[in-house]
Number of protein chains: 2
Amino acid sequence: MTHSNQKPLSLFLGRLLRRSELAQAERQAVLGLKSQVAQVRAHRDIVLLGDQVNSCCLVVDGLAARFDQLADGRRQLTALHIPGDICDLQSVVAPVASWGIEALTTTTVLHVPHAELKRVASEHPGLALAFWRDTIADASILAKWVVNLGRKSAQSRIAHLLCEMGVRMEQAGLGRRAAFAFDITQNQLADAMGLTAVHVNRTLQAMRGDALVRFAGRTVELHDWDRLARIAEFDPAFLQVMRGERELVDA
Amino acid sequence: MTHSNQKPLSLFLGRLLRRSELAQAERQAVLGLKSQVAQVRAHRDIVLLGDQVNSCCLVVDGLAARFDQLADGRRQLTALHIPGDICDLQSVVAPVASWGIEALTTTTVLHVPHAELKRVASEHPGLALAFWRDTIADASILAKWVVNLGRKSAQSRIAHLLCEMGVRMEQAGLGRRAAFAFDITQNQLADAMGLTAVHVNRTLQAMRGDALVRFAGRTVELHDWDRLARIAEFDPAFLQVMRGERELVDA
DNA sequence: CGTAGCTTTGATTGTTTTCAACACATGTGG
DNA sequence: CCACATGTGTTGAAAACAATCAAAGCTACG
């Protein structure tokens with residue numbers, strides 16, 4: 001059933017507010033978006049590669065990933081999405097998907113129809129701008145991934161991803177950067193980093209032995225943030241969050 | 001001096017029209033953008049890494065690239081830009097650059113002030129949408145680069161880039177996909193593909209011996225498009241051009 | 001408690017990098 | 001017009017990094 005889901009939508013609103021200032025009416029428009037909840041089990045595809053979609057996926061709980069796939073079935077993840085993220089906001093204006101979306105863990109998503117998003121964007125130009133900015137933030141991460149895949153060692157890549165996720169989780173209010181929920185298999189990690197699962201395994205072992213990282217249950221702990229950031233050459237600027245004025249919302 | 005440069009701007013308008021329908025008034029607004037011409041010699045940086053900019057770079061002639069850089073100076077290109085492209089449209093709403101722009105060949109650029117772009121975007125919501133779509137098209141290429149860097153061999157990567165550039169040049173009316181101007185050094189190619197110049201050299205030799213590619217002066221010739229596309233697993237869908245309805249402009 | 005998926009291990013192979021050197025073209029100033 | 005510097009393309013040998021293949025433990029879940 002399609003109806004208003006204020007609590008999950010306030011997560012998304014929070015994400016928008018980290019990068020754009022929105023008037024009260026605009027905030028209400030976001031919270032009033034009609035949408036539909038769904039649960040997806042781990043390892044299932046939420047959007048199939050090449051699907052034509054008419055709604056966006058807002059992650060409410062869990063972890064999702066955008067991916068592309070080669071002819072032989074090998075996958076490359078192109079983005080990780082945490083609660084509050086819309087995985088495919090770009091599909092609103094470019095509905096021919098050349099990607100797929102996969103649930104990495106059991107994930108709750110909100111399907112928000114394109115029609116709803118188009119409506120609020122045209123009624124509130126400030127929202128159109130905020131959506132544009134949101135897309136740009138995703139693209140900025142994508143550009144950083146290109147650098148990591150193109151020029152960094154396995155260890156540096158993994159370190160960078162961990163730093164990225166730590167800061168994002170912290171910003172989203174979902175944990176501390178030094179310890180946060182990150183329930184990902186080494187296979188999935190390999191698909192994100194352009195490596196094999198075996199090599200990810202050995203690299204993680206080395207990092208663990210070096211007291212840099214520990215996966216504990218569904219959580220990851222970063223024991224030495226500074227050293228990890230140095231190995232990763234991590235500079236959070238690319239995450240494009242407005243400093244200071246992080247207004248939070250209580251819906 | 002800042003003034004109207006209709007001819008170069010019509011290149012950009014053409015690019016917008018390949019993905020968005022624009023009313024007459026919106027087209028005129030684009031052509032009327034105030035801007036400033038500049039020439040940059042090959043290998044010079046147009047925008048320094050981390051610069052705060054207040055204008056966008058529209059490529060009029062030549063070849064430019066967006067890049068990021070590691071601490072040791074090694075570069076990774078994250079996008080190639082041909083005439084008609086705006087290298088950093090995203091900077092309009094995210095002016096803190098976490099990237100640089102480099103002239104690969106001697107390049108003519110048009111500096112279009114953010115203020116101008118913001119003005120036309122707010123006066124014409126259709127343009128704001130077209131800008132968003134343009135950003136998304138760039139991001140879609142970026143996602144494809146992630147896949148190439150993460151999961152493909154040197155030869156497949158290079159083949160994919162050549163196919164991508166061929167189709168883009170053809171769409172922009174700047175050549176045929178099988179033969180187009182591409183005046184890039186093997187060093188620059190290496191920076192784009194996440195390889196070393198030495199390995200690019202050897203890979204190109206193999207492809208040349210295989211009658212796939214030939215660099216002749218400042219142009220490249222793709223002698224067997226189908227085979228090249230197969231090696232690259234190239235599917236042009238990610239370039240997100242509206243099929244058929246490619247309206248052209250005469251300014 | 002059995003099973004499927006995940007992590008770990010070892011041995012081997014293959015791709016790509018690194019380092020060093022040389023050939024070749026291009027453009028510049030004397 | 002030549003001498004020279006610089007950047008670009010090319011080659012070879014060695015080393016490093018990551019992939020591949022195969023198999024064995026481990027864990028979580030039904």
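Chain identifiers are assigned alphabetically (A, B, ...) following the order of the sequence lines, protein sequences preceding nucleic acid strands; residue numbering begins at 1 within each chain. Computed from heavy atoms alone, side chains included, the values below leave out hydrogens, waters and symmetry copies. Bear in mind that the values here come from a model prediction, so they are computed numbers and not experimental data.
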Enquirer: Give the angle between the helix axes at the two ends of the helix from C/dC1-D/dG30 to C/dG30-D/dC1, taking five base pairs at each end and rounding to 10°.
Expert: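 Roughly 40° between the end axes, to the nearest 10°.
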
Enquirer: B/H43 or B/Q205: which one's nearest nucleotide on DNA chain D is closer to the 5' end?
Expert: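 Counting from the 5' end, the first nearest nucleotide belongs to B/H43.
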
Enquirer: Between A/D210 and A/R227, is the salt bridge (charged side-chain N to carboxylate O under 4.0 Å, His left out) condition met? List the steps.
Expert: CA-CA 10 Å; A/D210 229 9; A/R227 200 146 54 91; 3.8 Å; yes

Enquirer: Going 5' to 3' along DNA chain C, which are the first and last nucleotides with any atom under 4.0 Å from a heavy atom of chain B?
Expert: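 Boundary nucleotides touching chain B, in 5' to 3' order, are C/dT16 to C/dC19.
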
Enquirer: Can you give one letter per nucleotide of nucleotides 18-25 of chain D, going 5' to 3': B for a protein heavy atom under 4.0 Å from the base, S for sugar-phosphate only, - for none?
Expert: BSBB----

Enquirer: Between A/D68 and A/W99, does the side chain to side chain contact (heavy atoms under 4.5 Å, CB included) criterion hold? Intermediate values first, please.
Expert: CA-CA 5 Å; A/D68 196 355; A/W99 64 82; 5.8 Å; no

Enquirer: Can you pull every protein N or O that's under 3.5 Å from an N or O on nucleotides 26-30 of chain D?
Expert:
none

Enquirer: Under 3.5 Å, side chain of A/R157 to main-chain N/O of A/M193, donor-acceptor pair present?
Expert: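 At least one qualifying donor-acceptor pair exists.
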
Enquirer: Given B/L58, which partner from the list B/L89, B/L110, B/T108 fulfils the side-chain contact (heavy atoms from CB on, under 4.5 Å) test?
Expert: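 By the side-chain contact (heavy atoms from CB on, under 4.5 Å) criterion, B/L58 pairs with just one of B/L89, B/L110, B/T108: B/L110.
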
Enquirer: Do the side chains of B/R151 and A/D191 get close enough for a salt bridge, i.e. N-O under 4.0 angstrom?
Expert: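 Yes.
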
Enquirer: Applying ring-ring contact (aromatic ring centres under 6.0 Å, His included), which residue pairs with at least one partner in residues 41-79 of chain B are found, sequence neighbours left out?
Expert: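 Matches after skipping sequence neighbours: none remain.
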
Enquirer: Hey, is B/K144 close enough to B/E164 for a salt bridge, meaning N to O under 4.0 Å?
Expert: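 No.
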
Enquirer: Whole Å only: how far is the CD atom of B/Q186 from the P atom of D/dT11?
Expert: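 From B/Q186 CD to D/dT11 P: 10 Å.
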
Enquirer: Run the salt-bridge test on A/R177 and A/D226 with the 4.0 Å N-O cut-off and return the result as yes or no.
Expert: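 Salt bridge flag = no for A/D226 with A/R177.
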
Enquirer: Does this structure show an ion pair linking B/E102 with B/R66, if we count only N-O contacts that are shorter than 4.0 Å?
Expert: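 Looking at B/R66 together with B/E102, the answer is no, because their closest N to O distance does not fall below 4.0 Å.
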
Enquirer: Considering only residues two or more places apart or on different chains, which pairs with a residue in residues 166-185 of chain B satisfy ring-ring contact (aromatic ring centres under 6.0 Å, His included)?
Expert: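 The answer is B/F180-B/F182.
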
Enquirer: Between B/R230 and B/D224 (salt bridge meaning N to carboxylate O under 4.0 Å), is one present in this structure?
Expert: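 Here B/R230 does not pair with B/D224 in a salt bridge, since their nearest N and O are not under 4.0 Å apart.
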
Enquirer: To the nearest 0.5 Å, tell me how far B/S91 OG sits from B/I86 CD1.
Expert: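 Interatomic distance, B/S91 OG to B/I86 CD1, rounded to 0.5 Å: 8.5 Å.
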
Enquirer: Can you measure B/N201 atom CG to D/dG9 atom P for me and round it to whole angstrom units?
Expert: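 Between P of D/dG9 and CG of B/N201: 8 Å.
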
Enquirer: At under 4.0 Å, does any side-chain N or O of B/N187 touch on OP1 or OP2 of D/dT8?
Expert: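 Checking D/dT8 against B/N187, no side-chain N or O comes under 4.0 Å of OP1 or OP2.
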
Enquirer: State the CD-CG distance between A/E233 and B/L70, to the nearest 0.5 angstrom.
Expert: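 Reported to 0.5 Å precision, the distance equals 5.0 Å.
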
